[in-house]
Protein chains: 2
Amino acid sequence: MPAAGLTIGTLAERGGCSVSTIRYYEEVGLLPPADRRAGGHRVYGEADLRRLKFVRRCRDFDFSIDEIKALVAVMESGDRSCTEARDLATARLAVVRARLFELRALERDLKQFVESCETACLGGPGPSCAPLGDLARAGD
Amino acid sequence: MPAAGLTIGTLAERGGCSVSTIRYYEEVGLLPPADRRAGGHRVYGEADLRRLKFVRRCRDFDFSIDEIKALVAVMESGDRSCTEARDLATARLAVVRARLFELRALERDLKQFVESCETACLGGPGPSCAPLGDLARAGD
DNA sequence: CTTGAACCTCAAGTTACTTGAGGTCCTACC
DNA sequence: GGTAGGACCTCAAGTAACTTGAGGTTCAAG
């Protein structure tokens with residue numbers, strides 16, 4: 001039976017982050033202060049791993065540390081509805097969509113830029129790059 | 001002829017950034033040290049505005065300060081081909097595409113999360129949020 | 001019992017800026 | 001010509017979310 005007792009290194013590996021990141025999360029309060037062995041090394045259990053994965057997942061969701069703290073508080077209070085969580089997620093979704101929109105435009109522009117380089121400058125790399133010159137004038 | 005003589009405030013306004021950002025760009029070498037008036041105030045010309053716009057556009061493209069410095073060097077050297085610029089843009093395009101991929105997954109997951117909240121928890125916000133529990137079972 | 005990998009703490013660095021304190025300059029108005 | 005106040009100045013420190021480094025301790029294997 002896995003009364004595991006994970007080291008910080010193992011936790012990091014399974015949680016998909018660095019050892020430093022875990023210590024950082026503890027410092028800022030995203031993870032509770034870890035139990036210690038005699039020598040001072042941190043020990044973790046499965047619950048810690050779940051918590052860490054939750055935090056990492058939220059970070060993947062682009063939640064800020066403070067937002068994740070809020071989510072954790074909602075989760076731990078037990079007596080509060082999921083309305084808060086949903087609202088946080090909805091707000092985050094809007095941000096993600098806006099960012100997605102920007103990134104798509106960015107991809108288009110960069111692709112365009114690279115293609116211009118191929119057609120306008122290659123085959124004989126001249127002294128001046130036309131697309132680069134265009135960039136300087138864009139937005140006027 | 002517009003021998004303009006822009007103040008830093010005007011430059012900021014026209015360049016779409018803050019006054020502090022301009023001073024910062026000067027400090028890190030993205031803008032050349034500005035000319036000064038008798039009292040020490042910075043004065044700018046149209047060339048500076050063009051340069052600033054170029055920098056801002058590159059930042060919109062998610063280029064780092066160092067990458068922009070490289071681009072500016074390419075632009076100013078005049079005797080180097082656009083190959084470098086194209087390579088930088090290509091690398092950036094790859095990064096942008098990877099980010100786009102992640103963001104799309106993120107959007108899907110967040111949407112899913114919000115929808116779960118709507119169906120599983122609303123209409124009577126109970127004590128525990130099922131989707132939140134799915135993210136990582138709390139307290140267990 | 002001795003390596004050497006993994007761990008510890010604390011401090012400082014990273015990126016691209018922003019914010020703040022404390023002081024100077026410029027322009028417009030009377 | 002004097003003055004109010006807005007724009008400007010410098011320098012230092014703060015921000016997010018970590019990472020990196022120095023210098024030292026502990027643990028597991030051989």
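These values consider heavy atoms only, across backbone and side chains, with no hydrogens, waters or symmetry-generated copies. The structure presented is a predicted model; accordingly, all values stated were derived computationally and were not measured. Per chain, numbering begins at 1; letters A, B, ... match sequence-line order.
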**OP:** Please assess A:Arg42 against A:Arg36 for the test side-chain contact (heavy atoms from CB on, under 4.5 Å), listing each intermediate value before the final yes or no.
**Re:** CA-CA 4 Å; A:Arg42 289 172 177 84; A:Arg36 303 295 184 117; 3.2 Å; yes
Original post:
Using a heavy-atom cut-off of 4.0 Å to chain B, what are the terminal contacting nucleotides of DNA chain D, in 5' to 3' order?
Top reply: D:dC8 to D:dT10
Original post:
Within the distance-only criterion (no hydrogens, no angle test), does the side chain of B:Arg92 pair as donor or acceptor with the backbone N or O of B:Ser64 below 3.5 angstrom?
Top reply: no
Subject >> Under 3.5 Å donor-acceptor, B:Arg14 side chain and B:Lys53 backbone >> reply: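 Such a contact is absent between B:Arg14 side chain and B:Lys53 backbone.
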Subject >> DNA chain D contacts made by residues 21-39 of chain A, counting heavy atoms under 4.0 Å >> reply: A:Thr21, A:Tyr24, A:Tyr25, A:Arg37, A:Gly39
I'd like a list of close polar pairs between nucleotides 4-6 of chain C and the protein, N/O only, cut-off under 3.5 Å.
none

Subject >> Partners passing side chain to side chain donor-acceptor pair (under 3.5 Å) against A:Glu13 (at least two apart in sequence or in another chain) >> reply: none
Subject >> Residues that A:Ser20 engages under side chain to side chain donor-acceptor pair (under 3.5 Å), provided they are two or more places apart >> reply: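 Partners of A:Ser20 by the side chain to side chain donor-acceptor pair (under 3.5 Å) criterion come out as none, since no residue qualifies.
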**OP:** Verify side-chain contact (heavy atoms from CB on, under 4.5 Å) between B:Arg56 and B:Tyr25, making sure each step is shown before the conclusion.
**Re:** CA-CA 10 Å; B:Arg56 293 306 292 176; B:Tyr25 284 165; 2.7 Å; yes
**OP:** Decide if atom NZ of B:Lys69 counts as having more than 12 heavy atoms of other residues, nucleotides or ligands within a radius under 6.0 Å.
**Re:** yes
Would [X] and [Y] show up in the same hydrophobic cluster when neighbours are defined by side-chain heavy atoms closer than 4.5 Å?
{"X": "A:Phe63", "Y": "A:Leu100", "result": "yes"}
{"X": "A:Val19", "Y": "A:Val28", "result": "yes"}
{"X": "A:Ile65", "Y": "A:Leu52", "result": "yes"}
{"X": "B:Leu49", "Y": "B:Tyr24", "result": "yes"}

Original post:
Quantified as the angle between the terminal helix axes (five pairs each), what is the overall bend of the helix from C:dC1-D:dG30 to C:dC30-D:dG1 to 10 degrees?
Top reply: 0°
Original post:
Can you list the steps and then say if A:Glu46 with A:Arg50 is a side-chain contact (heavy atoms from CB on, under 4.5 Å)?
Top reply: CA-CA 6 Å; A:Glu46 292 301 321; A:Arg50 277 195 298 278; 4.1 Å; yes
Original post:
Between C:dC7 and A:Arg42, is there an OP1 or OP2 to side-chain N/O distance shorter than 4.0 Å?
Top reply: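 No.
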